[in-house]
> 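The following block contains the structure, expressed as structure tokens.
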Protein chains: 2
Amino acid sequence: MATLNDVAKRANVSKMTVSRAINHPEQVRPELRDSILHVMAELNYQPNAAARALVSRRTRVVKLTIFEDMDTTEPYYMMLLAGIANELNQHQYALQLATRNSYEVGECDGYILTGIRQKNYAWVEQLKQPVVFFGRNQQGYDYVDTNNYQAIQDSSAYAIQSGYTNLVFVGIAVDEPFEQDRERGFRDFITANQVSGQLVQLANHCHVATDYVRQHWADFPSNTAFICASDRLGIGIEDGIILQGKRVPEDYGVIGFDGVLLNQIASKRLTTMKQPLEAMGRAAVRLLLANIANPGSPATPHDQEKIIINSRLSIAESTR
Amino acid sequence: MATLNDVAKRANVSKMTVSRAINHPEQVRPELRDSILHVMAELNYQPNAAARALVSRRTRVVKLTIFEDMDTTEPYYMMLLAGIANELNQHQYALQLATRNSYEVGECDGYILTGIRQKNYAWVEQLKQPVVFFGRNQQGYDYVDTNNYQAIQDSSAYAIQSGYTNLVFVGIAVDEPFEQDRERGFRDFITANQVSGQLVQLANHCHVATDYVRQHWADFPSNTAFICASDRLGIGIEDGIILQGKRVPEDYGVIGFDGVLLNQIASKRLTTMKQPLEAMGRAAVRLLLANIANPGSPATPHDQEKIIINSRLSIAESTR
DNA sequence: AATACTTATGCAATCGCTTGCAATAATGTT
DNA sequence: AACATTATTGCAAGCGATTGCATAAGTATT
């Protein structure tokens with residue numbers, strides 16, 4: 001492997017000039033720079049990241065830590081990954097993937113955290129590095145989120161406009177900001193618009209939703225729309241309705257959340273509140289890189305920066 | 001951040017002894033070692049990965065390169081990721097994620113490659129580092145794979161045993177080893193068992209499969225079983241059949257491949273040939289780490305090592 | 001034409017750690 | 001008890017790059 005020195009000798013300059021030709025091109029005479037670049041290509045020179053990191057204290061690595069179990073096949077994260085990886089690449093940063101219990105090997109310049117729960121904040125605090133969250137938090141950390149509150153209001157409004165007369169919000173049984181925001185959105189909506197409605201929390205699995213429909217069928221008059229907090233729940237609810245011999249969307253409506261399963265199961269055309277996960281991933285990267293470039297914003301609470309990217313209703317066949 | 005020197009001073013030993021206490025514990029007197037570890041904990045010492053990598057030429061980073069576009073939400077990769085990430089963590093290695101067109105920042109000790117196509121091999125060859133592939137290859141690189149040939153034979157045999165009398169293999173329209181193996185398995189099966197059957201290749205999307213069923217419906221006598229090369233295709237085929245007013249599994253059977261969508265869509269109980277992706281991911285890591293530890297096995301063809309982990313039929317509701 | 005500025009380049013030190021060899025202490029052998 | 005082994009520890013060098021300061025060359029100012 002060629003080193004800076006090899007290039008320098010071959011180009012008849014000092015290491016420093018080569019280093020500058022790479023990192024501060026404007027500081028070196030154009031013709032000389034070109035000849036250096038030429039030698040670099042000739043020798044197939046690649047800067048040694050370790051040496052660089054050692055002295056510059058910049059690893060050019062960002063760590064994405066997913067707190068939820070990775071055993072579950074969660075396409076949600078895959079979409080996020082796409083956005084994050086692509087944006088990092090554009091900035092010539094590498095992405096390192098970690099789960100909460102990863103061995104803490106390999107330093108990085110900052111963290112993107114997702115799937116985080118209250119209990120994990122202690123761990124976050126001892127990180128003395130820039131951090132960006134996925135999802136609202138009250139600890140003062142920067143975050144990227146979608147407009148959960150408004151999104152559920154939009155879904156609800158759409159259901160009412162479509163002629164459904166009773167709403168059921170099917171939430172996820174976790175005590176996290178995103179869920180709180182959605183529930184608040186729903187409650188405020190039915191109050192403000194004097195709509196008949198109820199709210200329930202379930203574990204986030206299809207069959208749980210399906211079971212729920214069966215067990216509580218008496219509660220759901222015809223013309224009810226189910227506003228769900230995930231596509232999984234939406235699909236489960238839809239199946240439950242069909243098992244009762246009713247039609248979707250004629251008799252009952254279903255609206256999901258996330259918009260992540262739909263692409264795969266084309267025939268399951270669920271109307272859903274689609275999160276712009278790719279864009280959110282990119283935004284998180286940009287925010288984090290800004291924090292890295294602009295120090296004085298460690299993992300400790302400071303002026304909290306928020307980026308909210310709106311979800312949009314993707315209308316399909318589970319609503320009329 | 002505490003350095004090796006800080007620990008050494010505090011513990012009244014030389015840096016070297018501290019270094020040994022970490023890397024070669026057996027070489028340092030037990031009581032001394034304990035006191036050093038104690039000081040390390042006290043100072044919250046973390047070895048500097050960059051410095052380490054610089055001198056030892058080991059980064060303790062493995063790069064997973066996914067060649068397919070990451071825009072597609074492919075849960076397949078998420079399962080792989082789970083296995084790879086977990087196994088790497090156990091060996092105190094970090095996982096770095098890259099797409100083919102990633103900026104080549106950050107060195108690593110080896111590569112796990114997946115989603116690779118023929119055209120990418122040129123890129124692989126110029127990698128002068130240990131490499132493990134997902135999927136068979138004829139270039140001589142080590143790989144982990146599932147028993148595609150036998151798996152399709154098993155699926156086919158199961159369909160016949162279940163009383164279906166005509167088979168259709170619905171393959172993916174790519175010219176890659178995994179597809180070749182599956183098609184060969186199918187052809188050999190119908191030949192050897194004198195079963196009536198046909199073979200088709202489609203783009204790997206639900207709706208393509210659904211359309212295919214509609215357009216070629218005349219070709220499918222009742223009691224046909226579709227052996228599909230992916231769950232997506234399987235789900236699409238199933239929908240196509242139902243749209244024709246026929247019943248699954250009574251009139252027609254459908255068997256998928258991968259076993260990766262099922263967990264999410266509980267109601268879509270597709271019989272499928274389930275790939276042990278988590279185990280395959282772990283195996284790939286172990287194979288790669290062995291290659292790293294045991295040099296003389298660069299990215300150039302050598303004695304090709306193969307690990308085959310069998311897929312198993314997961315029987316559900318789309319077959320009788 | 002002499003001085004003051006820029007602009008380009010080089011030198012030396014250093015980042016934190018590990019490799020190879022040397023030195024010391026502890027143990028065993030006859 | 002003198003010597004050969006083995007177990008522990010330390011020293012010095014250097015991995016490949018970047019930072020800060022010094023120097024040399026080039027241009028502008030009066």
Side-chain angles (χ1 to χ4, degrees), chain A residues 1-37 39-40 43-61 92 94 104-109 128 292-293 295, chain B residues 1-37 39-40 43-61 92 94 104-109 128 292-293 295:
Chain A
M1 212 53 188
T3 85
L4 203 59
N5 239 328
D6 300 336
V7 178
K9 277 179 194 158
R10 181 84 159 249
N12 279 317
V13 291
S14 78
K15 309 198 288 192
M16 271 323 301
T17 309
V18 180
S19 175
R20 284 204 193 85
I22 300 170
N23 302 309
H24 306 282
E26 76 286 357
Q27 290 180 15
V28 49
R29 195 157 37 88
E31 38 177 335
L32 181 57
R33 192 187 62 215
D34 288 348
S35 87
I36 290 174
L37 292 180
V39 173
M40 280 173 45
L43 267 51
N44 191 25
Y45 169 74
Q46 293 283 106
N48 181 311
R52 228 174 203 183
L54 179 57
V55 56
S56 69
R57 270 93 209 301
R58 277 287 160 76
T59 61
R60 295 201 85 84
V61 169
Q92 310 185 341
E104 298 303 330
V105 72
E107 280 114 19
C108 64
D109 293 345
K128 298 297 182 210
I292 290 172
Chain B
M1 212 55 189
T3 84
L4 202 60
N5 239 329
D6 299 336
V7 177
K9 277 180 194 157
R10 181 84 159 249
N12 279 318
V13 290
S14 79
K15 308 197 287 191
M16 271 322 303
T17 310
V18 180
S19 175
R20 284 205 193 83
I22 299 169
N23 301 309
H24 306 283
E26 76 286 356
Q27 290 181 16
V28 49
R29 196 156 36 89
E31 39 178 332
L32 182 57
R33 192 188 62 214
D34 289 348
S35 87
I36 290 175
L37 293 180
V39 173
M40 280 174 43
L43 266 49
N44 190 26
Y45 169 75
Q46 294 281 104
N48 181 311
R52 226 175 205 184
L54 180 57
V55 56
S56 68
R57 269 93 208 300
R58 278 287 160 78
T59 61
R60 296 200 85 83
V61 169
Q92 310 185 343
E104 297 304 329
V105 73
E107 279 115 18
C108 63
D109 293 346
K128 298 296 183 211
I292 290 172

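Lettering of chains follows the sequences in order, A, B, ..., and the numbering in each one begins at 1.
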> Using a heavy-atom distance cut-off of less than 4.0 Å, which residues of residues 6-18 of chain B contact DNA chain D?
B:V13, B:S14, B:M16, B:T17
> Quickly work out the B:R58 CZ to C:dT18 C1' distance and round it to whole Å.
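Going from CZ in B:R58 over to C1' in C:dT18 covers 13 Å.
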> For the side chain of B:S19 and the backbone of B:K15, is there at least one donor-acceptor N/O pair under 3.5 Å apart?
no
> Do A:H24 and A:E26 come close enough that some side-chain heavy atom pair is under 4.5 Å?
yes
> What integer distance in Å separates A:H24:NE2 from D:dA17:P?
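It works out to 15 Å between those atoms.
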> Rounding to an integer number of Å, can you tell me how far B:I22 CD1 sits from C:dT19 P?
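Going from B:I22 (CD1) to C:dT19 (P), I get 12 Å.
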> When you measure from the side chain of A:R58 to the backbone N and O of A:I292, does any donor-acceptor pair fall under 3.5 Å?
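At least one qualifying donor-acceptor pair exists.
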> Between A:Q27 (CD) and D:dT18 (P), how many Å, whole number?
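So the two atoms are 12 Å apart, to the nearest Å.
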> Which nucleotide, C:dC17, C:dT9, C:dC15, lies nearest any side-chain atom of A:L54?
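In terms of side-chain proximity for A:L54, the closest of C:dC17, C:dT9, C:dC15 is C:dC15.
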> Distance-only, no hydrogens or angles: does the A:D6 side chain make a donor-acceptor pair with backbone N or O of A:T3 under 3.5 Å?
yes
> Give each protein N/O atom lying under 3.5 Å from an N/O atom of nucleotides 22-28 of chain D, with the pair distance.
none

> Within the structure provided, determine whether B:M40 and B:I22 are in side-chain contact (heavy-atom separation under 4.5 Å).
yes
> Whole angstrom is fine here: how far is it from OH in A:Y45 over to P in D:dG16?
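Value for this atom pair: 10 Å.
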> Any side-chain N or O of A:R52 under 4.0 Å from OP1/OP2 of D:dT18?
yes
> Rounded to the nearest angstrom, tell me the gap between atom CD1 in A:I36 and atom C1' in D:dA17.
15 Å
> Would one find a side-chain N or O of A:R29 under 4.0 angstrom from OP1 or OP2 of C:dT7?
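Answer no for this pair, as no side-chain N or O of A:R29 is under 4.0 Å from OP1 or OP2.
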> Do the side chains of B:V39 and B:V18 get nearer than 4.5 Å, heavy atoms only?
no
> Give the rounded distance in Å between these two atoms: CE of B:M40 and C1' of C:dC17.
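Nearest whole value for this atom pair: 13 Å.
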> Taking 4.0 Å as the cut-off, does a side-chain nitrogen or oxygen of A:N5 come that near to OP1 or OP2 on D:dA17?
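No, because none of the side-chain N or O atoms of A:N5 sits under 4.0 Å from OP1 or OP2 of D:dA17.
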> Rounded at 0.5 Å granularity, tell me how far CE in A:M16 sits from CG in A:L4.
8.0 Å
> Quickly work out the A:L32 CG to C:dT7 P distance and round it to whole Å.
17 Å
> Does C:dG16 have OP1 or OP2 under 4.0 Å away from a side-chain N or O of A:R57?
yes
> Is the backbone of B:T59 close enough, under 3.5 Å, to the side chain of B:E107 for a donor and an acceptor to pair up by distance?
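Not confirmed, B:E107 side chain does not pair with B:T59 backbone.
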> Just how far is it from atom CD1 of B:I36 to atom CZ of B:R20, taken to the nearest 0.5 Å?
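So the CD1 of B:I36 and the CZ of B:R20 are separated by 10.0 Å.
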